[in-house]
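Below: one structure, written as C-alpha cells.
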Amino acid sequence: MGNTSSMLTQYDIEEVQEHCNNTFSQQEIVSLYQRFCQLDRSGGGFISADEFLSVPEFAVNPLSQRLLRMIDGLNFKEFVAFLSAFSSRATPDQKIEFIFKVYDLDCNGKVTFNDIMDMLRDLTGTYISEQQRQQVLTHVLEEAGYTKDSLFVLADFVKILGSSGLKMEVEVPVD
C-alpha cells in the first residue's frame, strides 16, 4: 500500500475499511485508491500539499489552507480516514469531530472565540466587516448559552451540532 504503483490486495482493502470504520464500501476504497495514485504524482505513497492543491475544487475552497494542515503528507490509509467524515455512512459524531478539528487550528482540543472568528474570516472574506462578524458570532453564542470567553471542547460541538441534521457528504464514483 505504501507504493502507489502496486495494486491493493483484498487484505489491504479490508484493513483500510476497518481503519475508517466501514464508512466506505470495498468498491469505493478501490476507486479512492485510484484517485490517490493519480494525486500522488511523485509515486512515494504520500500526497503532499502541492499535490492536493492540484485539485481545482480544493484549491479554490476558502478552507483549503486549514484542511492542508490536516492532510499534508497523508498515506492512503490516512487519506481514506480523512475522507470518511464525508461518507454517507459516517455517524454525526464522526462528522462533528472532523468539523471540530478544522476549527481547532492549534490542535489543543479547545476552540476559542478567536478560532471561530478566524474561520468566519476565511469563509466570508471581505463580504462582511469585522464588526459584523463579531456581532453575529456573539449573538449566536449567546443564543446557545455561551459567551465570547467560552472555551469549546468537542463535547460542546456535539451538543450544538448534534441535533442539527448535519449533511456533509460526497459521492465516491465507482467504476
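FYI, the numbering just counts along the sequence from 1. Hydrogens, waters and symmetry mates are skipped; everything else that's a heavy atom, side chains included, is used.
Across all their heavy atoms, Ala81 and Cys20 have their closest contact at CA-CB, 4.3 Å. Here the closest non-hydrogen pair linking Asp40 and Phe46 is OD1-O, 2.9 Å. Of all heavy-atom pairs between Ile96 and Val158, the closest is CG2-N, 3.8 Å. Shortest non-hydrogen contact noted between Val30 and Leu8 is CA-CD1, 4.4 Å.
A salt bridge links Asp118 with Arg121: the closest approach of a Lys/Arg side-chain nitrogen to an acidic carboxylate oxygen falls below 4.0 angstrom.
Legend: residues meeting salt bridge (charged side-chain N to carboxylate O under 4.0 Å, His left out) with Arg69, ordered by chain and number and at least two apart, are absent. By the side chain to side chain contact (heavy atoms under 4.5 Å, CB included) test, Glu142 is found to be paired with Thr138, residues two or more places apart in sequence or in another chain being considered. Every residue meeting the side chain to side chain contact (heavy atoms under 4.5 Å, CB included) condition with Tyr11, not counting sequence neighbours, appears here in chain and number order: Thr9, Glu15.
Not a single donor-acceptor pair under 3.5 Å links the side chain of Thr124 to the backbone N or O of Tyr127. A distance-only check finds a donor-acceptor pair linking the side chain of Lys95 to the backbone of Ser87 [under 3.5 Å]. Although no hydrogens or angles enter the test, the distance criterion places a donor-acceptor pair under 3.5 Å between the side chain of Gln94 and the main chain of Thr91. A side-chain donor-acceptor contact under 3.5 Å links Gln17 to the backbone of Phe24. Within the 3.5 Å criterion, the main-chain N or O of Val153 finds a donor-acceptor partner in the side chain of Asp156.
Within the 4.5 Å cutoff, no side-chain heavy atoms of Ile71 are placed close to those of Ile47. Side-chain contact between Arg89 and Glu28 is present, with heavy atoms from C-beta onward closer than 4.5 Å. Counting heavy atoms from C-beta outward, Val102 and Leu67 have side chains that approach closer than 4.5 Å.
Applying the ring-ring contact (aromatic ring centres under 6.0 Å, His included) test to every pair with at least one member in residues 137-163, sequence neighbours left out, gives these pairs: Phe100-Phe157, Tyr103-Phe157, Tyr146-Phe152. Legend: side chain to side chain donor-acceptor pair (under 3.5 Å) pairs involving residues 49-66, not counting sequence neighbours, sorted by first then second residue: Arg41-Ser54, Ser48-Glu51, Arg66-Asp122.
Shown here is Gln10, whose CD atom has more than 12 heavy atoms of other residues, nucleotides or ligands within 6.0 Å.
Remark: aromatic rings of Phe82 and Phe98 are close, center separation under 6.0 Å.
Just one of Thr23, Leu74, Val16, Asn75 meets the side chain to side chain contact (heavy atoms under 4.5 Å, CB included) condition when paired with Val80; it is Val16.
Cluster partners of Val136 are Val140, counting Ile, Leu, Val, Met, Phe, Trp and Tyr whose side-chain heavy atoms approach within less than 4.5 Å, directly or via other members.
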